[in-house]
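Notes to accompany the following structure.
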There are 2 protein chains.
Amino acid sequence: MPDELLLDKPLTNNAIPSKEHPCSDHREKLLAIADTMDVINGKWKIQLIGIFLFQGKMRFGELLKHIQGIGAKMLSKELQHLEANQIITRTVLQTKPITVEYQITAYGRTLERTISDIVDWGTNHRRRIMR
Amino acid sequence: MPDELLLDKPLTNNAIPSKEHPCSDHREKLLAIADTMDVINGKWKIQLIGIFLFQGKMRFGELLKHIQGIGAKMLSKELQHLEANQIITRTVLQTKPITVEYQITAYGRTLERTISDIVDWGTNHRRRIMR
DNA sequence: CTGTATCCTGTAAGATACTG
DNA sequence: CAGTATCTTACAGGATACAG
C-alpha cells in the first residue's frame, strides 16, 4: 500500500487549471500549490506534521492520545498518506505485542520553513482579526 | 454580511488542541496553523488568492471563467470568506448593469511569502514523487 | 498495541433556477 | 452582470466492532 502512492496524475483531487486555460503561465504555479495542499490539506495532516516536527518519534497510540479528537481510522489513513509522500517513516519494533514508531524524514523537514511561515501568519492573523 | 466575520472563536472549524493538552507549548503553534488553514483550506480559496496575487483586479464573471470548474455559488461564498478575512476588497462599479471588482489588499499580500513557499515546495515535491 | 472493516453522518461542493 | 435560493450529491470524517 505504501508503494502504490496515492498519486494518480496530479498529486491532488483539487481542481487543476486546464492546459487550455487563458493564462497558462500561472498554471504551473497553481498546480504546485495544489500539490502542496494535497500533503497539507484536511483536518489532520498538517497538525500531524507539526507534531512530528515539534516532537520526535511517536507511536500510534501516543499520537492517538496526543491529537485531540482524532480516531484510529483517520490517524491510520493520514499516516499512510504522509508515508506515501515520504514525509514520515514507519518502523515496526519487534516487541510483544509489536509497537510502531513514526518519525519525520529529512525530506519531511523541508516543510519546516513553509509551516513556520504558516504559523507566523496565523499568529498575526488572529491578532488582526480579533480586534 | 462582510462585517459579521465568520470568526466565531477559533478562526477555523478544524480540530484545535485543547488547553488541557499534555504539551501546551505547541498548542499555540497548532492553533496558529489552524487559523492560517482556515483562510487557505478548501478546494478554491488558495487558488483564488494565487490568482489575485498573479493577476490584478478581477470581476466576478472573469473569475468564473478564469477558474476552471468553479460555480457561482462557490465563488461567491469563497469571495465573501476572503473579504471577511480582509484578504480582498469588493468594489461595486456604477455601470449598467453594475459590475463588481475584486482585488487583493495590502494585507492579503502578506500571504505572498507563504504562498511562494507553498509553490516552491510543491514544485519540488512533484519532481521528487514522480520519479 | 496497531491497526482494518463496516456502516453511518455531516458538511463541502455541484446543478439548476431564479432575481435586482 | 452579479449574485442568491433551493435542492441534490459526493466524500471526508466519525463510531463501533473486531483482528493479528
Side-chain angles (χ1 to χ4, degrees), chain A residues 1-2 4 6 8 10-16 34 37-48 52 57-84 88-103, chain B residues 1-2 4 6 8 10 12-16 34 37-48 51-52 57-84 88-103:
Chain A
M1 196 149 306
E4 297 177 15
L6 322 173
D8 313 340
L11 305 181
T12 174
N13 305 315
N14 285 355
I16 307 291
M37 291 312 279
D38 181 53
V39 175
I40 273 180
N41 232 337
K43 192 169 175 181
W44 306 110
K45 291 194 192 80
I46 198 179
Q47 186 177 167
L48 216 29
F52 282 119
K57 300 176 181 178
M58 301 274 282
R59 284 184 309 132
F60 190 87
E62 291 180 308
L63 289 166
L64 216 46
K65 278 177 294 182
H66 197 93
I67 305 179
Q68 252 274 329
I70 199 170
K73 187 188 102 179
M74 272 300 115
L75 179 55
S76 169
K77 194 177 149 196
E78 303 292 36
L79 288 172
Q80 284 176 29
H81 186 254
L82 289 177
E83 193 188 3
I88 60 172
T89 55
R90 176 179 183 275
T91 315
V92 180
L93 304 178
Q94 291 311 325
T95 54
K96 40 183 176 336
I98 59 154
T99 53
V100 180
E101 270 180 3
Y102 292 92
Q103 93 184 282
Chain B
M1 194 149 305
E4 298 176 16
L6 323 172
D8 315 339
T12 174
N13 306 316
N14 285 355
I16 306 291
M37 291 312 279
D38 181 52
V39 175
I40 273 179
N41 231 336
K43 192 166 174 181
W44 306 110
K45 292 193 192 78
I46 198 179
Q47 187 177 166
L48 217 28
I51 285 171
F52 281 120
K57 301 177 180 176
M58 302 273 283
R59 284 183 308 133
F60 190 87
E62 290 181 308
L63 289 166
L64 216 46
K65 277 176 295 181
H66 198 95
I67 305 179
Q68 251 275 330
I70 199 171
K73 187 188 101 178
M74 272 301 115
L75 180 55
S76 169
K77 193 177 150 197
E78 302 293 37
L79 287 171
Q80 284 176 30
H81 186 255
L82 289 177
E83 193 188 3
I88 60 171
T89 55
R90 176 179 183 275
T91 316
V92 179
L93 304 179
Q94 292 312 326
T95 54
K96 42 183 177 334
I98 59 153
T99 53
V100 180
E101 268 179 3
Y102 292 92
Q103 96 184 279

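Note on naming: letters A, B, ... go to the chains in the order of the sequence lines (proteins, then strands), and numbering restarts at 1 for each one. Please read these numbers as outputs of a predicted model, since none were measured by experiment.
- A/Leu79 places its CG atom 14 Å from the P atom of D/dG13, with the value rounded to the nearest Å.
- Here A/Leu79 contributes atom CG and A/Met74 contributes atom CE; the two are 11.5 Å apart, rounded to the nearest 0.5 Å.
- A pairwise comparison of heavy atoms in A/Ile70 and A/Leu63 identifies CG2-O, 4.5 Å as the closest pair.
- With rounding to whole Å, A/Phe60 atom CZ is found 6 Å from C/dT2 atom C1'.
- Rounded to an integer number of Å, the gap from CG of A/Leu64 to P of D/dG14 is 12 Å.
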Exercise for review: Test side chain to side chain contact (heavy atoms under 4.5 Å, CB included) on B/Gln103 and B/Thr89 and set out the steps.
Suggested key: CA-CA 6 Å; B/Gln103 96 184 279; B/Thr89 55; 3.9 Å; yes
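- The minimum heavy-atom distance between B/Arg90 and B/Tyr102, with the atom names listed, is NE-OH, 3.3 Å.
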Review point. Which nucleotides of nucleotides 13-20 of chain C have their base under 4.0 Å from a protein heavy atom (B), which only their sugar-phosphate (S), and which neither (-), written as one string 5' to 3'?
Key: BBB-----
Practice item. Just do the side chain to side chain contact (heavy atoms under 4.5 Å, CB included) check on B/Ile88 and B/Leu48 with the steps written out, would you? Key: CA-CA 10 Å; B/Ile88 60 171; B/Leu48 217 28; over 6 Å; no
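- In terms of phosphate contacts, A/Tyr102 brings a side-chain nitrogen or oxygen within less than 4.0 Å of OP1 or OP2 of C/dG3.
- Considering every non-hydrogen atom in both B/Gln47 and B/Ile67, the closest pair reads OE1-CG2, 3.8 Å.
- With rounding to the nearest 0.5 angstrom, the CZ atom of A/Arg59 is 13.0 Å from the OG1 atom of A/Thr91.
- Look at A/Glu101 and A/Lys57 and you find a salt bridge, because one of the NZ, NE, NH1 or NH2 atoms lies within 4.0 Å of a carboxylate O, short of that distance.
- The CG-C1' distance, from A/Leu75 to D/dG14, rounds to 14 Å in whole Å.
- Per the geometry, CD belonging to B/Glu101 stands 13 Å off C1' belonging to D/dA2, to the nearest Å.
- Proximity of A/Arg59 to the phosphate of C/dT2: a side-chain N or O atom is located under 4.0 Å from OP1 or OP2.
- Between A/Ser76 and C/dG3 there is no side-chain N or O to OP1 or OP2 distance below 4.0 Å.
- Between its two ends, the helix from C/dC1-D/dG20 to C/dG20-D/dC1 turns its axis by 50°, counting five pairs per end and rounding to 10 degrees.
- Computed from coordinates, the A/Gln80 CD to C/dG3 P distance equals 8 Å when rounded to whole Å.
- The side chain of A/Arg90 contributes no N or O atom lying less than 4.0 Å from OP1 or OP2 of C/dT2.
- In this structure, the side chains of B/Met37 and A/Met37 come closer than 4.5 Å at one or more pairs of heavy atoms.
- Comparing D/dG3, C/dC1, C/dG3 against the side chain of B/Val100 picks out D/dG3 as the nearest.
- Rounded to whole angstrom, the span from the CD atom of A/Glu83 across to the C1' atom of C/dT2 amounts to 14 Å.
- Atom CD1 in A/Ile67 sits about 13 Å away from atom P in C/dT2, given to the nearest Å.
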